[in-house]
Amino acid sequence: MRLLLINPNTMPEMTALVVRAIQPHLPPETTLVPVTGRFGAQYIASRSAAAIAAHAALDAFAEHRADCDGVYLACFGDPGLLALKELARVPVIGMAEASSRLAARQAEHFSIVTGGERWGPMLREFLGSLGLAGRLAAVETVAPTGADIARDPDGSVTLLAEACNRTVARDGAGAVILGGAGLAGLAARVQPHVSVPVICSAEAGVTMLLEALREPPAKPQSGDFALPAPVGSTGLSDSLSRLLANP
């Protein structure tokens, strides 16, 4: 099995962090193809950076999609997710999509703890697009961005645990997602300090992708996730231009 992992920000160390977190959860003889965004923001913490990241995700998919059985969009907030689902003939799972659906299985209401204050409204809108707005108790943002947390994971565990406990007590969350590539692998360290399940968004993504690959759905032949009509383009990479011209 060959899985394409797309990190549409431009920090290779963030890609490597997610790879380390998910590697133990992959079946034997799985080939992981990790790709970091070719252009864009180093870390996504705003709408403008997320819009550019969506393009970077499509660009990476067009360049590296050959022979892949599934695609993992390894960026919380899932920039470009629906466009990837439209263009891909294989299952595509996003980190925020997967962890939110997994949390909804475990609790009636769940919260998200993540780094960067602008993610609050962005994630509430995203959960609405998944039909899970009513299951979201709160988005609890902490001041450090995910990139800051990734640089100092040891110093972030207490901060993240306090944020989890705050939303459990205040909002009644029955599960909490630690959202973001920069927080990959920290859920296990935070869990002993929190009374409800703490979900690692990175691990949730690969779990849900493997689920989808056990019985891959057929590519829709009609509707908004069917392959789009061919279209010409200007200024795109050769691979993305070819993909749009011949989906």
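Values below: every heavy atom of this structure, side chains too, minus hydrogens, waters and symmetry copies. Heads up: numbering here begins at 1 and tracks the sequence.
In the hydrophobic clustering of this structure, L136 does not group with V196; members are Ile, Leu, Val, Met, Phe, Trp, Tyr whose side-chain heavy atoms approach within less than 4.5 Å, directly or through other members. Linking Ile, Leu, Val, Met, Phe, Trp and Tyr residues whenever their side-chain heavy atoms come within less than 4.5 Å leaves L160 and V139 in two separate clusters. Both L186 and V113 belong to a single network of hydrophobic side chains, linked directly or stepwise wherever heavy atoms of I, L, V, M, F, W or Y lie under 4.5 Å apart. Side-chain heavy atoms closer than 4.5 Å link hydrophobic residues (I, L, V, M, F, W, Y) into clusters, and following such links, possibly through other members, connects V18 to L210. Cluster annotation: V198 and L123 are assigned to distinct hydrophobic clusters (Ile/Leu/Val/Met/Phe/Trp/Tyr, side-chain heavy-atom contacts under 4.5 Å, transitive).
Heavy atoms only, all atoms of each residue included: M95 and G180 are closest at SD-C, 4.0 Å. In terms of heavy atoms, P24 sits closest to A21 at CD-O, 3.6 Å. The shortest heavy-atom contact between T30 and P27 is OG1-O, 2.7 Å. Counting all heavy atoms, side chain and backbone alike, D78 lies closest to A96 at OD1-N, 2.9 Å. When all heavy atoms of R118 and P121 are compared, the closest pair comes out as O-CD, 3.5 Å. Summarising the geometry of W119 relative to G115, their closest heavy-atom pair is CD1-O, 3.3 Å, with the distance given to 0.1 Å.
Using modelled atom types, one side-chain atom of K219 and one backbone atom of F225 make a donor-acceptor pair closer than 3.5 Å. Judged by distance alone, the side chain of R135 and the main-chain N or O of A107 form a donor-acceptor pair under 3.5 Å.
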Stepwise side-chain contact (heavy atoms from CB on, under 4.5 Å) test for F110 and L102:
CA-CA 10 Å; F110 62 89; L102 189 60; over 6 Å; no

Begin with the C-alpha distance, continue with both residues' side-chain angles, and end with the deciding distance and a verdict on side-chain contact (heavy atoms from CB on, under 4.5 Å) for L3 and L26.
CA-CA 10 Å; L3 304 181; L26 295 176; 4.0 Å; yes

What's the verdict on salt bridge (Lys or Arg N to Asp or Glu O under 4.0 Å) for R242 and E63, showing C-alpha distance, side-chain angles and the deciding distance?
CA-CA 10 Å; R242 287 194 301 271; E63 180 70 25; 5.6 Å; no

Run N9 and M14 through side-chain contact (heavy atoms from CB on, under 4.5 Å) and show every step you take.
CA-CA 8 Å; N9 69 49; M14 202 67 68; 4.1 Å; yes

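Test V35, V33, I22 against L5 for side chain to side chain contact (heavy atoms under 4.5 Å, CB included) and you get one pass: I22. Among I177, L17, I149, the one residue that satisfies the side chain to side chain contact (heavy atoms under 4.5 Å, CB included) test with L183 is I149.
Atom CG of N7 is separated from atom CG of L73 by 9.0 Å, given to the nearest 0.5 angstrom. To the nearest 0.5 Å, atom CD1 of residue I6 and atom CZ of residue F61 are 7.0 Å apart. From Q221, atom CD reaches atom CG of L227 across 7.5 Å, with rounding to the nearest 0.5 Å. One distance of note links CG of L178 with CD of E203; it measures 10.0 Å at 0.5 Å rounding. Atom OG1 of T36 is separated from atom CE of M11 by 10.0 Å, given to the nearest 0.5 angstrom. Remark: L236 CG to L58 CG distance equals 9.5 Å, nearest 0.5 Å.
N246 places none of its side-chain heavy atoms less than 4.5 Å from the side chain of L243. Counting heavy atoms from C-beta on, the side chains of T10 and Y43 never come closer than 4.5 Å. Between N165 and V194 the shortest side-chain heavy-atom distance falls below 4.5 Å. For the pair S100 and L127, the minimum side-chain heavy-atom distance is below 4.5 Å. L87 has its side chain within reach of P228: a pair of non-hydrogen atoms, C-beta onward, lies under 4.5 Å apart. I93 is not listed as a side-chain neighbour of V71, based on a closest heavy-atom distance of 4.5 Å or more. For the pair I44/F76, no side-chain contact is recorded, criterion being any heavy-atom separation below 4.5 Å from C-beta on. With a 4.5 Å cut-off on side-chain heavy atoms, L32 and Q23 count as touching.
Comment: K85 engages E97 in a salt bridge, judged by a side-chain N to carboxylate O separation of less than 4.0 angstrom. Classification of E13 and R151 as a salt-bridged pair fails, no side-chain N sitting under 4.0 Å from a carboxylate O. Electrostatic pairing of R124 and E140 does not count as a salt bridge here, judged by no charged N lying under 4.0 Å from a carboxylate O.
At a cut-off of 3.5 Å, with distance as the only test, no side-chain donor of S201 or S99 sits close to an acceptor on the other residue. If you check the side chains of T141 and T114, you find no donor sitting under 3.5 Å from an acceptor. Side-chain contact, T167 with D171: a donor N or O sits under 3.5 Å from an acceptor N or O. Side-chain atoms of D59 and S237 include a donor-acceptor pair closer than 3.5 Å.
Environment of CD in Q106: crowded, with over 12 heavy atoms of neighbouring residues, nucleotides or ligands closer than 6.0 Å. The neighbour count for R89 CZ, taken as heavy atoms of other residues, nucleotides or ligands under 6.0 Å away, does not exceed 12. At most 12 non-hydrogen atoms from other residues, nucleotides or ligands lie less than 6.0 angstrom from CD of E117.
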